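Here the structure comes first, spelled out in structure tokens, and everything after it is commentary.
The shown structure was predicted, so the numbers you read here are calculated from the model rather than taken from an experiment. Ligands are counted one by one from 1 in listed order, and the atoms in each one are counted from 1 as well.
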Amino acid sequence: PKTILTYGTFDLFHVGHVHLLRRLAALGDRLIVGCSTDEFNDIKGKKCIMPYADREIILRACRYVDDVIPEHSWDQKADDIKRFDADIFAMGDDWAGKFDELSAHCEVIYLPRTEGVSTTGLRWIVADN
Ligand code: C2G
């Protein structure tokens with residue numbers, strides 16, 4: 001099956017995530033999501049509200065997602081592409097250009113982010129109310 005691979009934290013799952021995953025799923029037959037572990041988020045310097053176990057459950061509940069794997073490090077992508085025989089590696093375009101070296105293994109695509117929504121923005125809104 002034509003396989004798409006993407007990675008992210010997906011904290012406070014929101015419509016920007018859904019819009020990205022929906023577009024990614026439309027590119028092939030199988031969408032696999034690498035979900036950042038809590039430990040990797042520490043390495044990314046990313047504070048997270050929801051623990052990995054919850055973020056994984058929410059991702060698996062998304063109709064566009066076929067499988068979820070843990071993302072432990074920056075360096076597992078090439079191995080994952082081989083492991084799952086991924087045809088496309090894709091991210092939102094805030095990452096544009098950052099993973100171009102993976103084009104040695106598969107097609108690399110960056111899709112436009114959804115404007116007006118972000119986990120950080122949601123955290124500010126919640127904090128104010
Ligand atoms: N995204 C989007 N639109 C938004 C917010 C996020 O399209 N309004 C996309 C991002 O571009 C990313 C994905 O949703 O492709 C997940 O976003 P994050 O959870 O913020 O992922 P990030 O922390 O950037 O982790 O190794 C890659 C990293 O794990 C990416």
To check your reading of the model: name the closest protein heavy atom to atom 26 (O) of ligand 1, its residue, and the distance in Å. E71 OE2, 2.5 Å
Does a sphere of radius 6.0 Å around NZ in K47 hold more than 12 heavy atoms from other residues, nucleotides or ligands, not counting ones at 6.0 Å or beyond? no
Side chain, backbone, both or neither: which part of D94 has a heavy atom under 4.0 Å from ligand 1? side chain
Considering the heavy atoms of K77, write down every atom of ligand 1 situated less than 4.0 Å from one of them. 26 (O), 27 (C)
Give, for atom NE2 of H17 and atom OH of Y64, the distance between the pair rounded to the nearest 0.5 Å. 15.0 Å
With a 4.5 Å limit on heavy-atom distance, are the side chains of E39 and P70 in contact? no
With L31, which of T6, V68, D67, I88 fulfils side chain to side chain contact (heavy atoms under 4.5 Å, CB included)? T6
Within a distance under 4.0 Å of any heavy atom of S36, pick out the atoms of ligand 1 and give their elements. 29 (O)
Salt bridge between D38 and R55, side-chain N to carboxylate O under 4.0 Å? yes
For a quick check under 3.5 Å, do S36 and K44 share a side-chain donor-acceptor pair by atom type? yes
In this structure, atom 8 (N) of ligand 1 is nearest to the protein heavy atom V117 O, 2.7 Å
Atoms in ligand 1 with a heavy atom of T9 nearer than 4.0 Å: 18 (P), 19 (O), 21 (O), 23 (O), 25 (O)
Tell me, which protein residue and heavy-atom name are nearest atom 3 (N) of ligand 1, and how many Å apart are they? T114 N, 3.2 Å
Please state which protein non-hydrogen atom is closest to atom 6 (C) of ligand 1 and give its distance, to 0.1 Å? R113 NH1, 3.6 Å
Would you call D94 and R113 a salt bridge, using N to O less than 4.0 angstrom? yes
Taking atom CD1 of I109 and atom CZ of R23, what is their separation to the nearest 0.5 Å? 11.0 Å
Counting non-hydrogen protein atoms only, what is the nearest one to atom 9 (C) of ligand 1? Give residue, atom name and distance. L20 CD2, 3.9 Å
Nearest candidate to atom 20 (O) of ligand 1, where distance is taken over non-hydrogen atoms, out of K46, E115, H17, Q76: K46
Are any side-chain N or O atoms of D11 and backbone N or O atoms of I49, one a donor and one an acceptor, separated by less than 3.5 Å? yes
Identity and separation of the nearest protein heavy atom to atom 15 (O) of ligand 1: G92 N, 2.9 Å
State whether the shortest distance between N or O atoms of K44 and N or O atoms of ligand 1 falls below 3.5 angstrom. yes
Using a heavy-atom cut-off of under 4.0 Å, does the side chain or the backbone of H14 touch ligand 1, or both, or neither? side chain
Lys NZ or Arg CZ of K77 over Y7 ring: under 6.0 Å, within 45°: yes
Relative to the heavy atoms of F10, which atoms of ligand 1 are at a distance of less than 4.0 Å? 16 (C), 19 (O)
Distance filter under 4.0 Å to W95 heavy atoms, resulting ligand 1 atoms: 24 (O), 30 (C)
